[in-house]
Amino acid sequence: MSLATDFGAAYTAICAGVVYSIAPAANVLVLSDEITPYCVREGAMLLRQALPYLPVGVHVGIVDPGVGTPRLPVAIETGRGDVLVGPDNGLLVPAAGKLGGAVRAHALEDPAYRLPEVSTSFHGRDVFSPAAAHIASGVAVSDLGAEVEPRPLDVPPPSVGRGELTVPVLYTDRFGSLVLGAEREDLAAAFGELAPGAPLEVAWSGTAARAVPVTFEETFGGVAPGAPLLWIDSSGWLGLAVNQGSARDAFGLAEVEFLTLRTGAGRPAGD
Amino acid sequence: MSLATDFGAAYTAICAGVVYSIAPAANVLVLSDEITPYCVREGAMLLRQALPYLPVGVHVGIVDPGVGTPRLPVAIETGRGDVLVGPDNGLLVPAAGKLGGAVRAHALEDPAYRLPEVSTSFHGRDVFSPAAAHIASGVAVSDLGAEVEPRPLDVPPPSVGRGELTVPVLYTDRFGSLVLGAEREDLAAAFGELAPGAPLEVAWSGTAARAVPVTFEETFGGVAPGAPLLWIDSSGWLGLAVNQGSARDAFGLAEVEFLTLRTGAGRPAGD
Amino acid sequence: MSLATDFGAAYTAICAGVVYSIAPAANVLVLSDEITPYCVREGAMLLRQALPYLPVGVHVGIVDPGVGTPRLPVAIETGRGDVLVGPDNGLLVPAAGKLGGAVRAHALEDPAYRLPEVSTSFHGRDVFSPAAAHIASGVAVSDLGAEVEPRPLDVPPPSVGRGELTVPVLYTDRFGSLVLGAEREDLAAAFGELAPGAPLEVAWSGTAARAVPVTFEETFGGVAPGAPLLWIDSSGWLGLAVNQGSARDAFGLAEVEFLTLRTGAGRPAGD
C-alpha cells in the first residue's frame, strides 16, 4: 500500500497507523508527505508518474482543499488491478489512466469502513485510511457505497502553433524546475524534431514578464551550471530547468501559470 | 514500533537502523522526523494526538534540549499496554494520559540495553533506540533501571472569564495554523454553545499586538479562502486558522504565546 | 535495504517502489530523502556516519550532479558484507571505509539488471534501484558489469599548525551547525588536550569575514542558549554550533568553505 498526501510527516504517519491497526500485515510506503498543500494538480501528476513503478496494490492519495464540504470520497479500481482511494476532485484520475484506466469507482459511504467517529477535517485518518485498509484486507470496492463517475482533473491543454507552443505550468518541483503540461509530441508539432542544443525562446506575462533564450537538451549536462534548459523529464513532461539551480528563483516564475515557447532567434547581425 | 523526533530524516533513520540491528523483525513507522527542533510541547501534542491511532506497541519520542545534561531517559508503560521511550522532560506524559495512563516508569540505566559506546549528544541512537528495540524483543520495562515518577509537561491552562478566554499557543502546525491549549468545553465555559458563524474577536499583545474579528466555524469551508476562523481541530484543540492560508503569516503570530478571545462586537452604529 | 538521496520524498519513494516490484520481500528504510541537492560531500558524510549503525545489507546512495553525463554507476562490496550502490563520484567511498573497506567494485552495465527503458535523468529509478533489488535477491556484484576502481571523494585535509587549525566545512546540518573536516586528534595536534570551556577563536575570510571567540565543550549544555561552541559530534567530526540556535545564521556562514581555529586570547589588560 502507498500513501501520498500534503499533510507532512506526522499526519501521514497517523494515516499509516490507522492502516496498521486495521490491517496489521500491510506494508505502507509513504509515496509523499510533502505535496504542496492544497495543490491537487501537483498531487495528480505525482501519482500519475509514480504509481506505474509501484507494485499493484491499494494507493491512497489525499490533497483535499474541499475537506469538510460536500465532495465525495471515492475508491477507483484500475485495469491493472490497483485500487486508488481519495477525494473525488480529479486527483486520482490521471494515475488511473496510466494503470489501465478506471474500471469502476464507488463512493466511500458505508460507516462500517470508516472510523467510529468521523471528524470534519481529517478524512485522511477517519475515512480514506480505514477504507484502504479494509480494501487491502479483502473488502470489495463495490461494497463501499454507490457507484460513481469520477470527476476528471482540470488541466488546460497545450496550445500548439507554428513555431510557437503555449503550455500550462503543472507545478514546480523540489529543485525549482517547472513541470509543463506538454509532451515530446507537442514540442514536435510546434517545432519539428529538435536536436540537442536547438535554440528556443521562452516567454511569460505578468508582473515579471520576460523573454529569455534557452536551448533544448536531452540532459542537464548539455548546458553549463547555472544555465537554463528545456528538456523532457523522466515522466515524459516538458520541463524548464536550470542546471544545478532553480528555474523558479532564477527567473521569478513562482506565480506564472503559462509559458510560451518560440523558435529561438539567431544573434542579430552586428551584435 | 514508532519513532517521533526533531532530528530530520537521516538521524531518525539511524535510530531505525539501530532498532533493526537489535530487533530485525521490528516494523518501524516514522511518526515524525520534523518536529520543530527543541519544541517539547509540539512533540508532546503530536504524540498525544497520534499514538491512540497506532497499534499498541513501543513508541519512541525524542525532543531533547537537555541531551548531554543530567536528565533521565525513561520508559513509561501505559494502561493500554504501550511502552513510551524518551527523555523525562514531559514529552511522553500527555500521550500516556490518552493511552490509559502511566502504569509504571523506569529509568534507562542498565548499560546492557544501550550501545557499547554512549555519545554525549546522540542519545536517540545510543540510549533510546537500543532500549526500545530490547523492549520490543521482550525485555521488561522494570529491568531497565530504577522506578521513577515521570515529570509532567509544563503547559499553562486556559483562563476562562465571562465572554473572554485566554489560551496558550501550543504550537504552529505545518499549514501555519495555531494550535491553542483549550478544548470545546473551555470555549463553551466562556461563550456558551457557539453556532457556526458566531462572531468573536481574537487579540494578542507584543510587538505585533492587534485585535481582529474572526468567526467560529465547524469546517474550513465555512469561510472564504484567505479568511480567518476559529475551530476545533481533529485532536480536539481549539485552533486559529486561515482557510487555504497561514494564520501565522497573515497576522504575524510567530512569536505570540497567548491569545485572548472575546465576544465579537456587531458593527458599530453608523459604520 | 536503505536508500539515501537528494530527491525529496516522492522520487525516493518511486525508487522504493521499483525495489518492491522486483524484490517484494525487501524492507526498504529511507535513510534520507533530504540531502542538500547535488551535495556529494554531505551525502558521503551521511552514509559514512549512518551505515555502520544499519544491519548489513544493500545500501543505495544517490547524489548525482553528473546524471546524464558519462560517469559510471557502481556497486561496491564491503568487508562487512554490505553492497553500496550509486554513482562513482566518491559518494560511497568514505562509508565503504567504515564498513571494512571496499572489497570489490563493479559497474552497473548489464541491461538485465536495469529497467527496460533507461531515462537520461532518473537513474535512481532506472539503474540504481533495479540493481539494488536484484543484488538483494541474490545476484552477485560481479555479474553486474566490469570490475572498476572506485573514485575517491574529493575533500581537503585539515591543516594543522602550532596553536592553529584550518579545516574545511564538510556541510551544514539541519540545525545550522557546521560539520568540519577534522577529528579530535587533529584538534589535539594543534592545541594539545582541550578541557571543556577552553577558549578558542574561530575565523573565516570572504564577504562576511570575522573572528569570534568560542569555547570547546563536550556538550551543548556547556554554554548558555544562543552561545557558540566547538565540539566533537556524534560521528567524530569537529563541529561549530550555537546552543539551541543556528551557527550558520548567527554568523553568516552559508558560503564559507574553510574555518581557522586559534588559541583563544585572554581578555586584554585594561578591558
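Labels below follow one simple rule: chain letters A, B, ... track the order of the sequence lines, proteins then strands, and each chain is numbered from 1.
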Worksheet item: Which region of B:Asp33, side chain (C-beta onward) or backbone (N, CA, C, O), has a non-hydrogen atom less than 4.5 Å from a non-hydrogen atom of chain C, or is it both or neither?
Response: backbone
Discussion item. Given heavy-atom pairs under 4.5 angstrom as the criterion, report whether the side chain, backbone, both or neither of C:Leu46 touches chain B.
Written reply: side chain
Worksheet, complete the sentence: One option among B:Pro24, B:Pro65, B:Ser21, B:Pro37 has the most heavy-atom pairs under 4.5 Å with chain C, and it is B:Ser21
Worksheet item: Looking just at side-chain N and O atoms, do B:Ser32 and B:Glu34 make a donor-acceptor pair shorter than 3.5 Å?
Response: no
Worksheet item: Any chance the rings of C:Phe191 and C:Phe216 have centres within less than 6.0 Å?
Response: no
Worksheet item: Side chain, backbone, both or neither: which part of B:Tyr20 has an atom under 4.5 Å from a heavy atom of chain C?
Response: both
Discussion item. Only pairs of heavy atoms separated by less than 4.5 Å count here; which of C:Pro55, C:Ser235, C:Gly222, C:Gly221 has the most with chain B?
Written reply: C:Pro55
Response to the item:
The interface call for C:Val56 against chain B, heavy-atom contacts under 4.5 Å, is neither
Practice prompt. In plain terms, say whether B:Glu42 and B:Arg48 are close enough for a salt bridge, that is, a side-chain N and a carboxylate O under 4.0 Å apart.
Written response: no
Item to complete: Decide yes or no on side chain to side chain contact (heavy atoms under 4.5 Å, CB included) for C:Leu240 and C:Val214, but give the supporting numbers first.
Response: CA-CA 9 Å; C:Leu240 175 65; C:Val214 62; 4.2 Å; yes
Worksheet item: About how many Å separate CG of C:Asn243 and OG1 of C:Thr219, when rounded to the nearest 0.5 Å?
Response: 8.0 Å
Discussion item. Under 4.5 Å from any heavy atom of chain C, what part of B:Leu115 do you find: side chain, backbone, both or neither?
Written reply: side chain
Discussion item. Check for me whether the distance between the ring centres of C:Phe220 and C:Trp231 falls short of 6.0 Å.
Written reply: yes
Worksheet entry | Which atoms of C:Tyr53 approach chain B - backbone, side chain, both or neither, heavy atom under 4.5 Å | both
